[in-house]
Amino acid sequence: MSSSAVAPEDLSVHATGRTPGLTRLLGYAAVVAVTVLVATVPSLAGAYTNHIFILAFLAVGLAVSYRPLLIAGQVSLAHGAFYAVGAYGFAILAQKHGVSFWLAVPLAGVVASVASIVIGVPSLRTAGAYFFLCTFAFSVVITSLFQNFTSLTGGFAGISGIPYPPGITTEADFFYVALAACVVIVAIFVVLDRSLWGLELHGVGASPELAEAVGVSRFATLLRAFSVGAFFAGILGSFYASFTGFIAPQSFDLWLSVSILTAVIVGGVRHIWGGVLGAAFVTLIPLLFHWKGSGDAIFGAVCVIVVMFVMRRGIATELAELLSKALHRAPAVPAQSQLWATAEDIVDERDPAVFAARPVVLDVRDIAKSFGGVRAVRGVSFTVHEGETLGLIGPNGSGKTTTFNLISGFARPDQGAVHLRGQSISTASPHHVVRLGLARSFQASAVFGHLSVFENVLLAVRSSQPTNPVARMTMPVRRRGKHTVRAAEVLAEVGLLDFADTQADALPYGHKKVLGLAVGLATNPAVLCLDEPATGMTDVEIAHLTTVLRRVRANHDVALVIIEHRLAVIRELCDRVVALRSGEVIAEGSPRDVLEAPEVMTAFLGASAA
């Protein structure tokens, strides 16, 4: 097998990796055809059909604007509340204060976005059920505010006389306004989905820790998803208020947020068209059959159950994969026993003594960390020189991973300091640490599972480099040729270029571990910390890993810090070793001296065995 089978320039089409080019073109053609077909509805159908299609257009926009947050692994019950905030904001501005329609609409979106930031800043520092409960509480508070702030919202009497857009006089005319708004919003989110920010959302959803470790700020990424989604929900709420001419608290019950979530789940999160299909399906069917109240809720619940058992990843995801398999050859998936394509092993003639004269890139000074009454790390100090490979060994519970967390920003030391190239990083967040030049891998979450091999590496290449926020959210990833080439070079170096299109979860375990190394290497670090890279690998896989690490040391000035229980790997790769026991340094020196030290043998084997 030759890694030259896939050239770097050929990988540009996979930079967003969702669907191959032909499938994507067919998808766009289908969208245009459906849009043209839908545009004929007013001339062929009656007023009721127009009415339900307008509501469906708004539902599609809501589902598409909610999807980014769900991609990032967060479930919110506030999206319907932002829709309501936008509707009330528009009604108050346009009906009560006479603000022009086209000014009131974006202002209502801004109001909804500000509301999302107010609730998002504290709640997004939590995760999972806590975030879900925060958004639920926000929805309850907003509903109560609409009901009781009578002087502003009209209470249960609501607000009536809300104006149509200028020049629009009939429901048939409003049909085209709603269709245009839906198309524009979907187009905007297509652009966002294909941007670096879209790729980062997938990374955060797959593995928040690993995303931070390659330079993605989880909090900033989620807050953008929350506020951008709320902005467009607010705009859609404006169109709803204008269309109905009357809004009241009962217009926006909790089921609204649940139905938005249901639509995205039914359609599928992976592709943006999932939100479109799911919202159209969940909205149109009940309206066409006049199902209301409990009937609507039962239909939504049945849809979710059917999808979970029959099309577990959603309608759009399953259909896209079927179409892709029909039109394209499936990406290569290596067998567990399959060897990588690698260059000749590097002859290792390094003299560890030469590193003492090189600059210190990582300086760990007397760091300590306690968890309650447990002292996990106690006054650990060591230095790492440019290009040096340092092994960090010790029995389970000796504080190795906690030390990694302290030097990579995932935990803050209770005392001591960590300096990277002379700059203190003791209080820096993980995504800042990696941008300063220190990257790390994880033993458990080594890769972004549902992204392709190429996307894993490309995300690390791009996110580790500071980018203008606007460009981050709007510039399609595939247009950045130098990053595409860099990602291909990293994959070629570790022997995974032939599997660039393969989903990371489909790789054998050993290949995943090597991909984790490639992800860290793609950030172009000065120091790369590897947490048990050889754990669970076969002898063949370990031999390949060793070859890759030797090649990395030969081709780059990167310093390696390796936690590893396989002492043969430590002996073969490391220039110097630091041994820990109970959170303290018990030995430091050459691999031979440390591994043969009585206190180290006692720590690993016990006093009698030693």
Side-chain angles (χ1 to χ4, degrees), residues 12-19 24 27-28 31 57-74 76 79 82-83 86 106 109-110 112-113 116-117 120 124 180-206 211 215-236 260 263-264 267-279 314 316-317 320 448 450-452 455 458-459 462-463 465-480 483:
S12 61
V13 296
H14 305 290
T16 51
R18 315 292 189 263
T19 49
R24 193 182 306 127
Y28 289 150
V31 170
F57 295 151
L58 298 178
V60 166
L62 284 172
V64 169
S65 60
Y66 174 76
R67 173 178 166 270
L69 195 63
L70 200 59
I71 289 173
Q74 299 299 314
S76 166
H79 210 65
F82 299 138
Y83 182 66
V110 170
S113 186
S116 73
I117 293 172
L124 285 171
C182 176
V183 169
V184 169
I185 288 174
V186 171
I188 289 172
F189 277 92
V190 167
V191 172
L192 295 177
D193 192 55
R194 299 188 64 77
S195 68
L196 173 60
W197 179 64
L199 194 58
E200 289 175 343
L201 285 170
H202 284 273
V204 170
V216 179
S217 169
R218 173 189 174 274
F219 176 77
T221 302
L222 290 176
L223 188 60
R224 287 191 192 107
F226 205 40
S227 59
V228 169
F231 175 78
F232 287 100
I235 286 179
L236 291 163
I260 298 168
V264 182
V269 175
R270 176 71 169 164
H271 302 279
I272 194 167
W273 308 117
V276 177
L277 290 176
T317 306
F448 301 109
H450 67 261
L451 297 181
S452 69
E455 286 176 310
L458 182 65
L459 177 56
R462 292 296 314 277
S463 297
Q465 303 174 7
T467 309
N468 182 293
V470 175
R472 205 176 196 89
M473 297 181 68
T474 57
M475 183 66 69
V477 173
R478 64 186 178 85
R479 293 187 181 178
R480 297 300 186 95
H483 299 114

Inset, instruction - With sequence neighbours excluded, tell me which residues meet side chain to side chain donor-acceptor pair (under 3.5 Å) with S116. - result: none

Legend entry - Atom pair CD1/OG of I260 and S65 - distance to nearest 0.5 Å: 7.0 Å

Legend entry - Heavy-atom side-chain proximity of L58 to Y83 below 4.5 angstrom: yes

Inset, instruction - Kindly compute the distance separating CG (L458) from NE2 (H483), expressed to the nearest 0.5 Å. - result: 8.5 Å

Inset, instruction - First locate atom CZ of R194, then atom CD1 of I272, and finally report the distance between them rounded to the nearest 0.5 Å. - result: 10.5 Å

Legend entry - Heavy-atom donor-acceptor pair, Y66 side chain to G275 backbone, under 3.5 Å: no

Legend entry - Which atom of V269 lies closest to which atom of R67, heavy atoms considered: O-NE, 2.8 Å

Inset, instruction - Write down the atom of P68, the atom of W197, and the distance for their closest heavy-atom approach. - result: CB-CH2, 4.2 Å

Legend entry - Any side-chain heavy-atom pair of H202 and D193 under 4.5 Å: yes

Inset, instruction - State which residues pass side-chain contact (heavy atoms from CB on, under 4.5 Å) with A63; sequence neighbours excluded, sorted by chain then number. - result: A263, V264, A279

Inset, instruction - For the residue pair E455 and L199, establish whether any side-chain heavy-atom pair is separated by less than 4.5 Å. - result: yes

Legend entry - From CE (M473) to CG (L192), nearest 0.5 Å: 5.0 Å

Legend entry - Closest approach of G61 to L236 (non-hydrogen atoms, all atoms of both residues): C-CD1, 3.3 Å

Inset, instruction - Compare all side-chain heavy atoms of W273 with those of V190 and state whether any distance is below 4.5 angstrom. - result: yes

Legend entry - G86 versus A112, closest heavy-atom pair with distance: N-CB, 4.4 Å

May I have the list of side-chain donor-acceptor pairs in residues 220-232 shorter than 3.5 Å, sequence neighbours left out?
{"unit_1": "T221", "atom_1": "OG1", "unit_2": "S217", "atom_2": "O", "d": "2.7"}
{"unit_1": "S227", "atom_1": "OG", "unit_2": "L223", "atom_2": "O", "d": "2.9"}
{"unit_1": "S227", "atom_1": "OG", "unit_2": "R224", "atom_2": "O", "d": "3.4"}

